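Step one of this worksheet: look at the structure below.
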Amino acid sequence: MIKFFIHTFGCQMNECDSERVAGILSGAGGVPVDRLEDADVVVVNTCAVREKSEEKLFSYLGRIALLKRKKPLRLGVVGCVAQLRGVELVGPRLGVDFVLGPDNYAELPRLFGSPLQERFVSTEWSTAWRETPPGLIRRESRTSAYVTVMEGCNNFCSYCVVPFARGREKYRPLPSVLAEVADVAARGYKEVQLLGQNVNSYKDPETGAGFADLLRRVSEVDGIAWLRFLTSHPRRFPAEINRVMMERTNICRQVHLPLQSGSSAVLKKMRRGYSREMYLDVVTGLRGLIPDIALSTDIIVGFPGETERDFEQTLEALRIVRFSNIFSFRYSPRPLTRAADLVDDVPVAEKRRRLAAVQGLQKTIQLELNARAVGQCQRVLCQGPGKKTPELMSGRNEANQVVNFLSGRASCGDFVTVRITGFGPYSLRGEEIAP
Ligand code: 5AD
Ligand code: SF4
């Protein structure tokens, strides 16, 4: 019996891939363990999107190298860094025994038949969609299921390593998406999150149906109470998506729409394919049909050449749109990208200052937005006791905000009605009321 442990860095796409890795290893006879120290095989699923993500990986690998001195252990690196760095990761320096890119997880069962000392590397791209049978996915959550609809990205934003780490876009056939959604609904999942680096470029390989069609079809599958999707690209975000969202009540009124910068000049250098005005038009279109829609975004500060004036425009965009949540980062150059050739001329201290300013402003905005929620009754999908507040239950509302609430009866997977009684910048508090 081979015991395995998976550590995941990065985004939802990686979490979803780790569930697939866990399923494939279990299907081949492996057994998952909760503690790194108990494992015979450690798989590290990696993120390459920022310099910091790679730094965290190397310090984690150092920790495992120490463990490896004490017991026989096979260490694998998979995911984005595996794809980018490939064979250079393998060997005694880092203690890595196998490396698999995102298209090569079907090779994992090799671990079980091969001798302990065998090392292998697979980072070949496949051109077709590679199917994992729904039964072969070990999902972490009991309430919400990730379902991948596309992989890769053709956009080549100048700062972004994803097209190199995840390859060109590949779309999952629509019937296969529907089959997996039906499968998770039958297993009792209440929420489905459709995943892809760039979901609105989805195109069914058979019929050419676009993302709005896919969204409608998925929303019609019996038993899915809440449906979300990410990530959308502001360029070519079709108005049809807005209409489907308005018509289908089980699609959560929430969209993640990365802005990156509020300055058209910086957006141009980032090769985002839209201007500040075009982005704001997409927001106006969404809010025109769905006034209470919750919008979240990603922001990069300190891109090469970003002036104080450019940066002010990002702050101004945050004030105009009033996002319900943002993820903000300091720019870091990534290998193979076009921006890596630009002079990274915003000093680190200045990047830090800009990041703190963005986060400070956003905190104020979120406090103001959350204050307005007090007194409202919101539908919350309960995910179990809170991690920091075990005396309260924790869940998410339709806007995907964390809601911690007092309840006598709710359990994981229940929809409950919560009256909001308090708030912080990053979560709401409340109490369950009788349905
Ligand atoms: N530096 C900083 N942030 C980056 N992101 C992508 N590449 C970089 C980079 N080189 C951010 C973007 C993207 C999010 C997933 O990570 O905001 O939307
Ligand atoms: Fe990266 Fe741009 Fe593709 Fe997003 S759209 S994954 S930022 S290249």
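As the structure lists them, so they are numbered: ligands from 1, and atoms in each ligand from 1. Positions are given from 1, in the same order as the sequence printed here. Note that the structure is predicted; figures quoted are calculated from it, not measured.
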Exercise. Is the centre of the His256 ring less than 6.0 Å from the centre of the Phe327 ring?
Worked result: yes

Exercise. Hey, is Lys170 close enough to Asp103 for a salt bridge, meaning N to O under 4.0 Å?
Worked result: yes

For this session: Assess Arg235 against Tyr274: is NZ or CZ under 6.0 Å from the centre of the six-membered ring, and within 45 degrees of the ring's axis?
Result: no

Exercise. Within the stated cut-off of 2.8 Å, is an N/O/S atom of Cys153 closer than that to atom 2 (Fe) of ligand 2?
Worked result: no

Exercise. Is the NZ or CZ atom of Arg142 positioned over Tyr189's six-membered ring, under 6.0 angstrom from the centre and within 45° of the axis?
Worked result: no

Exercise. Is the closest heavy-atom distance from Arg272 to ligand 2 below 4.0 Å?
Worked result: yes

Problem set entry | Close side-chain approach of Thr148 and Trp129, heavy atoms under 4.5 Å | yes

Seminar exercise, completed: In this structure, atom 1 (Fe) of ligand 2 is nearest to the protein heavy atom Cys160 SG, 2.2 Å

Problem set entry | Contact flag Cys157/atom 1 (Fe) of ligand 2, N/O/S atoms, threshold under 2.8 Å | no

Exercise. Can Arg330 be said to touch ligand 1, with heavy atoms closer than 4.0 Å?
Worked result: yes

Problem set entry | Closest to atom 6 (S) of ligand 2 among Val162, Asn154, Asn155 (heavy-atom distance) | Val162

Exercise. Hey, looking at atom 7 (S) of ligand 2, which of Phe156, Phe164, Tyr159 has the closest heavy atom?
Worked result: Tyr159

